[in-house]
Amino acid sequence: MATSTTKPSVQIRSAQVTEEVWKDSSLYGEIMVSSFGRIKEKGYQRVCPEKGGSFRTYNIPPKILTPTESPNTGDLMVSFSTCNTANSRVSASVATLVATEFVKNEDTQHYSKIKHKDGNKSNVKASNLAWTGSGVFAK
């Protein structure tokens with residue numbers, strides 16, 4: 001009596017390990033954007049006036065910014081200083097910053113919104129974002 005032995009089929013799925021990539025933001029020169037959805041404020045110098053008309057320079061080291069959730073939209077936002085003459089602060093959407101640097105926009109005329117593929121607005125990795133929406137950007 002011949003017995004046949006069949007081996008169970010085994011599917012091996014290779015783990016897709018992606019390294020974090022950092023890029024200078026094309027929107028704001030003061031920050032860097034990560035493919036994992038992290039935002040880093042670059043180091044800078046702050047000059048402060050002192051008594052007697054002199055000035056003191058402080059070196060501010062680079063730091064990873066902690067995003068906060070917008071109460072209106074639920075989007076993750078970061079706030080950072082800009083290097084304009086007013087030394088103002090800017091608040092920007094993390095998803096927009098990441099998508100601008102890492103997600104190809106096939107139709108910039110009509111795709112102006114960011115979609116989270118898994119529906120989770122706190123997942124701002126580049127692999128989870130896509131350009132969508134309608135409306136024409138002003139030229």
Side-chain angles (χ1 to χ4, degrees):
M1 176 177 210
T3 59
S4 68
T5 57
T6 57
K7 294 181 181 179
S9 66
V10 177
Q11 290 182 328
I12 299 174
R13 204 189 303 175
S14 63
Q16 189 175 14
V17 179
T18 306
E19 290 186 28
E20 185 173 28
V21 176
W22 287 93
K23 290 184 178 181
D24 288 335
S25 170
S26 60
L27 300 175
Y28 302 99
E30 298 83 8
I31 59 172
M32 294 181 75
V33 181
S34 151
S35 58
F36 285 3
R38 299 192 308 156
I39 310 298
K40 181 191 301 184
E41 189 172 30
K42 295 178 181 178
Y44 60 96
Q45 289 186 335
R46 176 168 284 159
V47 179
C48 299
E50 297 259 318
K51 290 181 181 178
S54 63
F55 293 90
R56 183 171 184 159
T57 302
Y58 295 93
N59 290 318
I60 310 298
K63 67 177 177 181
I64 302 288
L65 300 177
T66 302
T68 57
E69 186 177 316
S70 167
N72 298 331
T73 63
D75 293 332
L76 291 182
M77 307 292 287
V78 288
S79 179
F80 52 91
S81 296
T82 61
C83 294
N84 61 22
T85 56
N87 276 334
S88 62
R89 295 204 47 92
V90 170
S91 184
S93 161
V94 175
T96 300
L97 293 170
V98 173
T100 299
E101 303 308 324
F102 295 99
V103 181
K104 185 171 174 122
N105 189 344
E106 298 292 337
D107 185 357
T108 58
Q109 289 288 322
H110 298 97
Y111 292 166
S112 59
K113 297 179 182 177
I114 307 299
K115 172 181 137 183
H116 296 77
K117 294 176 185 175
D118 66 0
N120 179 359
K121 287 191 172 189
S122 65
N123 182 358
V124 289
K125 289 185 176 183
S127 60
N128 187 50
L129 303 176
W131 288 99
T132 188
S134 59
V136 178
F137 283 117
K139 289 185 178 182

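Both backbone and side-chain heavy atoms feed into the values below; hydrogens, waters and symmetry mates do not.
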(message) Has K23 got a side-chain atom pairing as donor or acceptor with E101's backbone, closer than 3.5 angstrom?
(response) yes
Residues at least two apart in sequence or cross-chain that pass side-chain hydrogen bond (donor to acceptor under 3.5 Å, both in side chains) with K125, listed by chain then number, are none
One should read off an interatomic distance between R89 CZ and S91 OG, to the nearest 0.5 angstrom, of 9.0 Å
Going by chain and number, the hydrophobic cluster around M77 (ILVMFWY, side chain to side chain under 4.5 Å) further includes none
Those residues at least two apart in sequence (or on a different chain) that pass side-chain hydrogen bond (donor to acceptor under 3.5 Å, both in side chains) with S127 are none
For Y28, the ring-ring contact (aromatic ring centres under 6.0 Å, His included) test, sequence neighbours excluded, returns F80
Sequence neighbours excluded, the answer for side-chain hydrogen bond (donor to acceptor under 3.5 Å, both in side chains) partners of S122 is N120
Residues 72-81 vs salt bridge (charged side-chain N to carboxylate O under 4.0 Å, His left out), sequence neighbours excluded, gives D75-K121
Determine, using the 4.5 Å side-chain heavy-atom cutoff (strictly less than), whether L65 and F102 are members of one ILVMFWY cluster.
yes
Output for pair (S93 OG, I39 CD1), nearest 0.5 Å, gives 9.0 Å
For K40, the side chain to side chain contact (heavy atoms under 4.5 Å, CB included) test, sequence neighbours excluded, returns W22, M32, P62, I64
Value for CG (L76) from CG (L97), rounded to nearest 0.5 Å, stands at 11.0 Å
(request) Look only at the side chain of S35 and the backbone of V21, and say whether a donor-acceptor pair between them is shorter than 3.5 Å. (result) yes
Contacts satisfying side-chain hydrogen bond (donor to acceptor under 3.5 Å, both in side chains) that involve residues 61-72 (not counting sequence neighbours) are S70-T73
Residues at least two apart in sequence or cross-chain that pass side chain to side chain contact (heavy atoms under 4.5 Å, CB included) with Y58, listed by chain then number, are C48, E50, R56, I60
T100 meets the side chain to side chain contact (heavy atoms under 4.5 Å, CB included) criterion, sequence neighbours left out, with S26, L27, T96, W131
Nearest heavy-atom approach of G37 to V98 is CA-CG2, 3.6 Å
Residues passing the salt bridge (Lys or Arg N to Asp or Glu O under 4.0 Å) test with E20, sequence neighbours excluded, are R38
For I114 and A99, the nearest pair of non-hydrogen atoms, with its separation, is CD1-CB, 3.4 Å
One should read off an interatomic distance between E41 CD and S81 OG, to the nearest 0.5 angstrom, of 5.5 Å
On a heavy-atom basis, the closest approach of I31 and K42 is O-CE, 3.8 Å
Distance col, row E30:CD vs S25:OG, nearest 0.5 angstrom, shows 8.5 Å
The side chain to side chain contact (heavy atoms under 4.5 Å, CB included) partners of N128 (sequence neighbours excluded) come to H116, K117, D118, N123
